[in-house]
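Here the structure is laid out as structure tokens; the discussion comes afterwards.
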Amino acid sequence: MTSSATLAATVTPDATRPALVTQDLSRIYPSGEGSVTALAPFTHTFPQGLTAVVGPSGSGKSTLLNLLAGFDTPSSGRVVVGGTDLHSLSEAGRADFRLKHYGFVFQNHNLVTILSALENVEFPLTLAGMKPKERRERARELLERVGLGNRATHLPGQLSGGEAQRVAIARALACDPAVLLADEPTGNLDTRTGQKVLDLLTAQAQGGRTVVLITHDRDVAALANHTLRVRDGVVTGE
Amino acid sequence: MMSWGDLWALAWRGLTRRPVRTLLTALGITVAVASMVVFLSLGEGIRKVFTSELGGIGPDVQVSLSGFTQGFAPQPNLPETAVGDIQKLATELKITSVTPVVMSVRSSLDVSQSVVLYGLPAAQGISTVFPKIVPATGRALIAGDEGQKVAVVGAKAAENLRLKVGSTLNLTRRTSVKVVGVLAQESGLVDSFIFLPLRTLQDAEGATGRVSLVALKLENPRDARAVATALAKRLNLEASTQSDFLSFVERALRISDAVRFGISLIALIVGGLAVANTVMMGVFERTREFGTLRAIGARPGFVRALVLTESLLLALAGGVGGIILGLAGIWGVNLYTQNLAGIDAAALTPRLTLLALGISILLGLLSGLLPSRSASRISITDALGRV
């Protein structure tokens, strides 16, 4: 495994990529007559490179990810990317914003089962309105990059878990996003397959993307340039 | 923004994910649309028969004691003196021929045995009112036939009643006539007519001195409405033009169209509910997928459009299938009515095709409204949390 010290040294900053910033971001759920604080006010600037968010189950990691992605609405505070407050946008505006600036890797690959590996990678480019020939070339290039050029026509059901997750990473990179959000991407994979996925994510971090990796695995967290710990909704730095 | 082509291709892939379910639902729509097409094609076919066949050959004006709207009198009820009254006005109103007609319908429980007895002056001949008709065997009516017990039979009537030249046809217990000619097939209602000399039919019907109507031909058929109005006013009789007759038929057909459409609507509603159910099930099954699409950058509107397109495609595929199946049904109906009366009672007209496609599209849109709304409102966090 690559050590975190090695990775930190190799991150190449990219000044053109916007920073991911949270300002007093919090999420409180009503519960009966009271309320539950899922995330206490949290202000942070995510640097380029790999940031691991660690904590036990139910600590608030997924709440943070949902707010960072714009899937959920914060009770207070803001998520700002490149000067744009994500939650000030409309539903459609947030979708466009995610398409342009974010890439997602989920614990389950979440590929569209009726589309081939190539078509899955093409999908965000199709949403972005790219011409068929260009998007096909781009998708092929991305599949080659994750080592699956020979599996382009396979359906997700015909791929192994690790291969499907690598296709999901290729899909996440399709629109060249500044931010990659990965939620337990190796959670369903064996160690060897998981390592390949982590290698791909760390390579993105080295290239100057902001990669936020949610994990409860300390070995995985050890690869990160930065680590945030979440416990009972409170986020603290390393 | 995704192009329409990409959206339709994706919707098609979504439908073919569960081919059997999709096929069964499309079949439901196919049967519903086919039943609508066959039901409504009956009206279209009858319209065609009246406009293209009767419309071109009937009298310009017909005078009777009771009009179309009062119903057809079973017995001749117009005094024959009306013929003389009309003839007095012939020059003034530019009437070229005045033909007294006696009509009698012989209806039977067996529709193929039903015929129309049509009596007109033998000297004027059948061609006065129906110029296109010629005998296939034997001869037409001639002047010397007046009052004689002879008949000229339409092609379908001859076939159904097994008549040929020389056969005897019993009009009543006391009156029988000899067939002297069989007419060539016209593919129209006239094929079921039996033409007789006026006096012969009047005697047989016990209607001496009375006729059913007086058929008029005009120097200028465009004056038909004005002549009909003038005759009705001056003779205190009902006078109708061809277009009056056709519009009466049209009104009657519209009412029957509405009844037949109402019956088909039940099948269409059931088909629409089947589409809604299939698409809704698809939405539930694909909640996680829709959540993922939304997460990676699809707008709610895209998900709505995708589901609506699936519903539309399903209904449209069923609609096209329904038109094809309907055509087969129409062919079957026409085979039956050709044997029966020599007419194509059903027809698939362009407007009926457009209506069937339009109904299919509307059905697809309505059926897809609720599922597409549900799909577009899926919460990303809930959807991704679902295994």
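Every value quoted in this text rests on a predicted model; they were computed, and no experiment measured them. Per chain, numbering begins at 1; letters A, B, ... match sequence-line order.
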Choice from Leu7(B), Leu10(B), Ile380(B), Thr16(B) maximising heavy atom contacts with chain A below 4.5 Å = Ile380(B)
Flag the pair Asp96(A) and Arg299(B) as a salt bridge only when some basic side-chain nitrogen lies within less than 4.0 angstrom of an acidic carboxylate oxygen.
-> yes
Aromatic centroids of Phe104(A) and Phe71(A) separated by under 6.0 Å | yes
Examine whether an atom of Ala69(A) lies under 4.5 Å from a heavy atom of chain B, and if so say whether it belongs to the side chain, the backbone or both; otherwise answer neither.
-> neither
Would you call Arg138(A) and Glu141(A) a salt bridge, using N to O less than 4.0 angstrom?
-> yes
Leu65(A) versus chain B, heavy atoms under 4.5 Å apart: side chain, backbone, both or neither?
-> neither
Under 3.5 Å, side chain of Thr287(B) to main-chain N/O of Ala383(B), donor-acceptor pair present?
-> no
Considering only heavy atoms, which portion of Phe106(A) lies under 4.5 Å from any heavy atom of chain B: side chain, backbone, both, or neither?
-> side chain
Sidechain N-carboxylate O distance under 4.0 Å for Glu122(A), Arg171(A) = no
Arg17(B) versus Thr113(A), side-chain donor and acceptor atoms under 3.5 Å | yes
Decide whether Ser264(B) and Ser35(B) meet the rule of one side-chain donor and one side-chain acceptor closer than 3.5 Å.
-> no
Flag for Glu44(B)-Ser41(B): side-chain donor and acceptor within less than 3.5 Å | no
Glu119(A) portion near chain B, given a 4.5 angstrom heavy-atom threshold | side chain
Those residues of residues 52-63 of chain A that come under 4.5 Å of chain B on a heavy-atom basis, listed by number, are none
